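What follows is a single structure, written as structure tokens, with notes after it.
A quick note: this is a predicted structure, and the numbers were derived from the prediction, not measured.
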Amino acid sequence: MTAKAIIEVDNLSVLFPLYHAGSRSLKKMVVAAASGRLAKDQQQRVVVRALSDINLRLESGDRLGLVGSNGAGKTTLLRVLAGIYEPVIGRLRVKGSLNALLDPNLGMNMELTGRENILLRGLYNGLPRSALPRLEEDVADFAELSDFIDLPVRIYSAGMVVRLGFALATSIKPQILLMDEWFLAGDAVFLDKAKHRLEAMVRGADILVLSSHQAEIVKSWCSRVLWLDQGKVVADGPPDDVLGQYLGSGPEQPLAALA
């Protein structure tokens with residue numbers, strides 16, 4: 001029997017050091033100073049508090065939506081849960097197979113062919129070699145790349161990369177599904193084709209964590225909503241309650257995204 005999926009986050013904080021050589025770091029510093037998110041770490045470096053004191057527990061059946069303005073920390077939290085960023089303070093425990101739909105290029109080698117990327121993804125996810133032909137057929141059919149499947153991904157158009165990335169990311173069903181809202185973007189034809197595949201994946205996951213600005217998507221797919229602002233939790237509860245507070249809080253501040 002497959003073990004139940006669990007996510008536990010205890011007093012978690014993420015700090016990003018600022019190195020002043022680049023204009024991007026300077027821009028982050030100005031924005032962070034204006035929002036009160038500057039601090040110093042143990043090495044006395046100036047850092048941005050991307051996330052502060054996050055506490056969260058999710059079990060099988062939970063569907064969590066993340067809302068907040070640009071720079072609130074939604075994508076940072078997803079990346080921490082995915083293991084891309086490490087918490088500086090606090091503890092994270094994730095139990096169960098995980099898939100992160102965060103970036104269309106995530107995990108792809110642009111120098112390899114589409115077919116080679118499919119095989120590598122299958123091996124990375126622990127599929128037996130006997131299952132690889134079925135995976136290859138599924139991804140190739142959905143992405144509709146024709147002969148391009150045997151050419152390097154670096155020569156693909158942006159749309160072809162998105163189709164391959166989507167097909168790869170949704171080809172293996174995880175217990176825990178992390179999804180950023182880029183997966184809900186794209187042209188109408190692509191979205192119509194992808195809708196049923198994505199919804200089936202969402203229904204099949206034990207735990208869903210979704211970041212989105214689209215209130216209707218959050219209401220439809222999520223049973224709980226976490227509102228983040230400046231890296232901190234403002235509200236946590238049923239979708240109608242939290243979205244009502246969030247949408248009634250006024251226009252989003254046009255700050256540059258920190259995360």
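With rounding to the nearest 0.5 angstrom, the CD atom of Q175 is 9.5 Å from the NZ atom of K95. The line from CZ of R115 to CD1 of I149 is 6.0 Å long, rounded to the nearest 0.5 Å. Interatomic distance, CG of L132 versus CD of E137, reported as 13.0 Å (0.5 Å rounding). To the nearest 0.5 Å, atom NZ of residue K74 and atom OG of residue S211 are 5.0 Å apart. Distance check, rounded to the nearest 0.5 Å: CG of L66 to CE of M179 gives 11.0 Å.
The same ILVMFWY cluster, assembled from side-chain heavy atoms under 4.5 Å apart, contains both L168 and I155. Taken together through direct or relayed side-chain contacts under 4.5 Å among Ile, Leu, Val, Met, Phe, Trp and Tyr, V153 and L112 form parts of separate hydrophobic clusters. No path of Ile, Leu, Val, Met, Phe, Trp and Tyr side chains, each step under 4.5 Å between heavy atoms, connects L120 with I118, placing them in separate hydrophobic clusters. Residue V218 is grouped with residue V234 when hydrophobic side chains (ILVMFWY) are merged at heavy-atom distances under 4.5 angstrom, including chains of intermediate members. By the rule that hydrophobic residues join a cluster once side-chain heavy atoms approach within less than 4.5 Å of another member, I6 and V9 end up as members of separate clusters.
Taking each heavy atom of A50 and F16 in turn, the nearest pair found is CB-CE1, 3.6 Å. Here the closest heavy-atom approach between residue A167 and residue F142 is recorded as CB-CD2, 3.7 Å. Of all non-hydrogen atoms in L98 and A82, the two that sit nearest each other are CD2-CA, 4.2 Å. Nearest approach of G96 to I176, heavy atoms of both residues: O-CD1, 4.2 Å.
A side-chain donor-acceptor contact under 3.5 Å links T170 to the backbone of F166. Not a single donor-acceptor pair under 3.5 Å links the side chain of R79 to the backbone N or O of L102. Without hydrogens or angle criteria, N125 side chain to G122 main chain gives no donor-acceptor distance under 3.5 Å. A donor-acceptor pair is defined here as one N or O able to donate and one able to accept, closer than 3.5 Å; no such pair exists between the side chain of S60 and the backbone of D206. Between the side chain of D241 and the main chain of G237, no donor-acceptor pair closer than 3.5 Å is present. One N or O on the side chain of E116 and one on the backbone of T113 form a donor-acceptor pair closer than 3.5 Å. Judged by distance alone, the side chain of S69 and the main-chain N or O of A72 form no donor-acceptor pair under 3.5 Å. Proximity of a side-chain donor or acceptor of N99 to a complementary backbone N or O of A169 within less than 3.5 Å is detected. Under the 3.5 Å distance criterion, the side-chain polar atoms of S212 are matched with a main-chain donor or acceptor of Q214. For R163 (side chain) and A143 (main-chain N/O), a donor-acceptor pair under 3.5 Å exists by modelled atom type.
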Run the numbers on L228 and I54 for side-chain contact (heavy atoms from CB on, under 4.5 Å), then give the verdict.
CA-CA 10 Å; L228 292 171; I54 305 297; 4.0 Å; yes

Do W221 and E199 pass the side-chain contact (heavy atoms from CB on, under 4.5 Å) test, and can you show the C-alpha distance, the side-chain angles, and the key distance before you say yes or no?
CA-CA 9 Å; W221 287 2; E199 287 182 343; 3.7 Å; yes

With side-chain contact (heavy atoms from CB on, under 4.5 Å) as the test, would you mind laying out the steps for D236 and V242 before giving the verdict?
CA-CA 7 Å; D236 180 2; V242 177; 5.8 Å; no

So V67 and H213, side-chain contact (heavy atoms from CB on, under 4.5 Å) or not? Walk me through it.
CA-CA 6 Å; V67 299; H213 288 287; over 6 Å; no

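The side chain to side chain donor-acceptor pair (under 3.5 Å) test applied to E111 returns R154, not counting sequence neighbours. Every side-chain contact (heavy atoms from CB on, under 4.5 Å) that S171 has, sequence neighbours left out, goes to L135, D138, V139, R197.
The environment of CZ in R134 is sparse: at most 12 heavy-atom neighbours from other residues, nucleotides or ligands sit within 6.0 Å.
A 4.5 Å side-chain heavy-atom check between I217 and L210 finds at least one atom pair inside the cut-off. Side-chain contact between L64 and L208 is absent, with no heavy-atom pair separated by less than 4.5 Å. Residues D10 and R93 form no side-chain contact, since every pair of their non-hydrogen atoms from C-beta on lies 4.5 Å or further apart. The shortest distance between side-chain heavy atoms of L56 and R224 falls below 4.5 Å. Using a 4.5 Å heavy-atom threshold, the side chains of Y156 and L164 count as touching. M201 places a side-chain heavy atom less than 4.5 Å from the side chain of L177. A 4.5 Å side-chain heavy-atom check between V209 and L81 finds at least one atom pair inside the cut-off. A 4.5 Å side-chain heavy-atom check between V225 and P239 finds at least one atom pair inside the cut-off.
A donor and an acceptor atom, one from each side chain of N55 and N11, are located under 3.5 Å apart.
Ion pairing between a basic and an acidic side chain is recognised when a charged N comes within 4.0 Å of a carboxylate O; D53 and K232 show no such pairing. At a threshold of 4.0 Å, the pair E8-R91 counts as salt-bridged, since one of the basic side-chain nitrogens sits closer than that to a carboxylate oxygen.
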